[in-house]
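See structure below.
Counting begins at 1 with the first residue of the sequence. Counting starts at 1 for both ligands and their atoms, in listed order.
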Amino acid sequence: MTLSNWAGNTTFHAKDLHHPTSLDELQRLVAGSAAVRALGSAHSFNHVADTDGDLVVLDKMPDQVEIDSAAATVRVGARTTYATLAPLLHRAGFALANLASLPHISVGGSVATGTHGSGDAVRSLAAAVSGIELVTADGSLLSLSRGDADFPGAVVSVGALGVVTSLTLDLVPAFELRQYVREGLREDALAHFDEIMSSGYSVSLFTDYRDTRVWLKREEELDSPDWYGTTPADGPRHPLPAMPADSCTAQLGVPGPWYERLPHFRADYPPSGAGDELQSELLVPRRHAVEALRALFAIGGRIRPVLQISEVRSIAADDLWLSPFNGRDSVGIHFTWVKDVAAVMPVLELVEETLAPFEPIPHWGKLFTRWPECPASFRALARRLDPTGKFANEFTRVLLGE
Ligand SMILES: Cc1cc2nc3c(=O)[nH]c(=O)nc-3n(C[C@H](O)[C@H](O)[C@H](O)COP(=O)(O)OP(=O)(O)OC[C@H]3O[C@@H](n4cnc5c(N)ncnc54)[C@H](O)[C@@H]3O)c2cc1C
């Protein structure tokens with residue numbers, strides 16, 4: 001079989017692709033397989049989801065979106081996308097506290113890699129998980145809830161512990177936001193980094209280390225003509241400067257529901273560069289943000305030839321063992337590269353070397369070459385739940401030091 005990821009830079013090596021239609025069928029499949037992994041919506045840029053055995057996609061499992069209004073939670077099937085889930089929550093008067101830049105991705109796959117949006121006070125999408133159910137190596141169903149000893153290890157799992165069938169997510173009351181794009185942020189405005197990043201519910205900087213624009217998502221109107229020396233964009237903008245903004249969520253301060261403002265990209269269009277790109281992201285503790293960004297501005301001339309755009313986001317700390325945000329308020333420094341692996345890899349290595357003093361942890365679903373130390377607690381949990389390495393692949397073997 002030939003199956004590739006969204007960007008087309010990774011081909012999966014699985015012998016067989018399965019679409020189980022029931023929990024029972026999935027459990028029998030996992031129990032009888034020597035090597036198996038789940039695939040979400042295939043938006044990761046590396047081999048994290050790959051296996052040379054059985055690849056399982058849960059898109060034929062019964063639809064499951066169960067809102068518990070009293071508890072303010074929703075239980076969803078792992079293959080459900082945020083694009084499907086968010087409008088249902090909104091209609092019921094609820095929201096998720098945060099979303100990524102695109103809604104096309106599955107809840108299970110996003111949570112497994114620690115996917116995040118931006119916001120000083122908001123955490124990663126995984127931090128909203130309060131309960132998780134997974135089929136483990138012997139085919140049995142394991143159910144864990146926040147407060148259980150293994151729970152913080154089981155949420156951001158990179159698929160190494162089993163096939164997640166459902167997740168329960170915390171909800172907040174539905175809310176509205178306005179989205180503004182401001183242009184011309186000067187490098188010396190980094191001196192005001194903390195104030196700028198806290199100016200909205202969700203703030204992102206898009207930069208090529210020369211020209212910087214700010215995506216500002218907040219409840220209140222922004223009518224300052226000279227906000228940190230920037231000017232308001234005179235029309236809708238795409239984060240990739242050369243692209244038309246048709247695929248982007250409404251800007252120019254028009255208020256709208258959380259799920260049509262928090263993502264940069266609309267659910268009904270292909271996101272970002274429509275697959276014509278590679279991505280990397282390094283997460284550094286918030287206290288290093290300005291120094292780390294200055295170091296990258298200093299090598300901007302070497303980054304730009306293979307860069308489409310960088311995005312800088314803030315993410316609040318969580319307590320999930322494998323999460324890049326575990327115990328640390330963080331800043332994500334993301335790179336949308338041109339789609340040329342040979343040209344990009346040396347520059348990625350330069351970026352990794354430049355950021356090395358700032359305790360970086362890579363985004364598990366994007367391209368990287370430097371592996372951080374795996375938390376011993378996660379390694380022990382993976383060995384206990386999967387003693388024969390049924391869910392192991394090349395990615396997890398390197399991560400777990402095997
Ligand atoms: C255009 C674009 C924009 C992006 N924007 C952002 C962003 O704003 N923020 C951000 O943090 N990331 C972003 N990403 C990265 C993306 O969010 C992650 O790669 C995410 O993991 C994709 O989810 P997925 O469902 O496609 O997962 P997949 O790539 O399919 O899988 C990822 C991992 O999850 C595991 N997995 C999937 N389903 C299950 C399951 N049911 N049980 C167990 N394990 C499972 C897989 O085995 C694999 O290890 C972006 C990617 C693209 C292509």
Side chains of H19 and D59, donor plus acceptor under 3.5 Å: yes

Which of the ligand 1 atoms, numbered from 1, are nearer than 4.0 Å to a heavy atom of A100: 7 (C), 8 (O), 9 (N)

Gap separating the OH atom of Y180 from the CZ atom of R218, nearest 0.5 angstrom: 7.0 Å

H264 side chain near S204 side chain, heavy-atom distance below 4.5 Å: yes

Side-chain (K339) to main-chain (N9) donor-acceptor, under 3.5 angstrom: no

Donor + acceptor pair across side chains of S314, D120 (<3.5 Å): yes

G117 touching ligand 1 at heavy-atom level, < 4.0 angstrom: no

Proximity winner for atom 7 (C) of ligand 1, if only heavy atoms of R313, E311, H47, E281 are counted: R313

Proximal ligand 1 atoms for V163, defined as those under 4.0 Å from one of its heavy atoms: 42 (N)

Atoms in ligand 1 with a heavy atom of I105 nearer than 4.0 Å: 17 (O), 22 (C), 23 (O)

Full working for salt bridge (charged side-chain N to carboxylate O under 4.0 Å, His left out) between R123 and D170: CA-CA 12 Å; R123 300 180 297 166; D170 293 334; 5.1 Å; no

Ligand 1 versus L58: contacting region, heavy-atom distance under 4.0 Å: side chain

Considering all heavy atoms, the nearest K217-L262 contact: NZ-O, 3.1 Å

Proximity winner for atom 20 (C) of ligand 1, if only heavy atoms of T80, V158, V56, T115 are counted: T115

Per-residue contact class, V48 against ligand 1 - non-hydrogen pairs under 4.0 Å: both

Heavy atom of the protein closest to atom 33 (C) of ligand 1 (residue, atom name, distance): T113 CG2, 3.7 Å

Derivation of the side chain to side chain donor-acceptor pair (under 3.5 Å) call for E133 and S166: CA-CA 5 Å; E133 288 181 300; S166 76; 2.6 Å; yes

Nearest non-hydrogen protein atom, atom 32 (C) of ligand 1: S44 OG, 3.4 Å

Expected output: side-chain T396 to main-chain N393 donor-acceptor under 3.5 Å: yes

Under 3.5 Å side-chain donor-acceptor pair for R37 and T51: no

Distance-only polar pair, side chains of E394 and H47, donor-acceptor under 3.5 Å: no

Closest protein heavy atom to atom 45 (C) of ligand 1, given as residue, atom name and distance to 0.1 Å: A38 CB, 3.8 Å

S41, A126, G77, S101: member with heavy atom nearest to atom 24 (P) of ligand 1: S41

Heavy-atom side-chain contact between H104 and S41 under 4.5 Å: no

Greater than 12 external heavy atoms within 6.0 Å of R302's CZ: no

From F12, F45, F391 - option closest to atom 52 (C) of ligand 1 by heavy atom: F45

Protein residue, atom and distance nearest to atom 3 (C) of ligand 1, heavy-atom basis: L102 CD2, 3.5 Å

Protein residue, atom and distance nearest to atom 25 (O) of ligand 1, heavy-atom basis: S106 OG, 2.6 Å

Minimum-distance protein heavy atom relative to atom 53 (C) of ligand 1: W6 CE3, 3.2 Å

Options G162, P324, A78, ranked by nearest heavy atom to atom 43 (C) of ligand 1, top entry: G162

Option with minimal heavy-atom separation from atom 1 (C) of ligand 1, where the choices are H104, H43, H116, Q279: Q279

Per-residue contact class, K366 against ligand 1 - non-hydrogen pairs under 4.0 Å: side chain

A112 contact mode with ligand 1 (heavy-atom cut-off under 4.0 Å): side chain

Atoms in ligand 1 flagged as close to G40, the criterion being non-hydrogen separation under 4.0 Å: 25 (O), 28 (P), 30 (O), 37 (C), 38 (N)

Polar side-chain atom of R261 near backbone of E176 as donor-acceptor pair, under 3.5 Å: no

Protein contact to atom 12 (N) of ligand 1 [nearest heavy atom, distance to 0.1 Å]: H363 NE2, 3.1 Å

Which residue and heavy atom of the protein sit nearest atom 41 (N) of ligand 1, plus the separation: V164 O, 2.9 Å

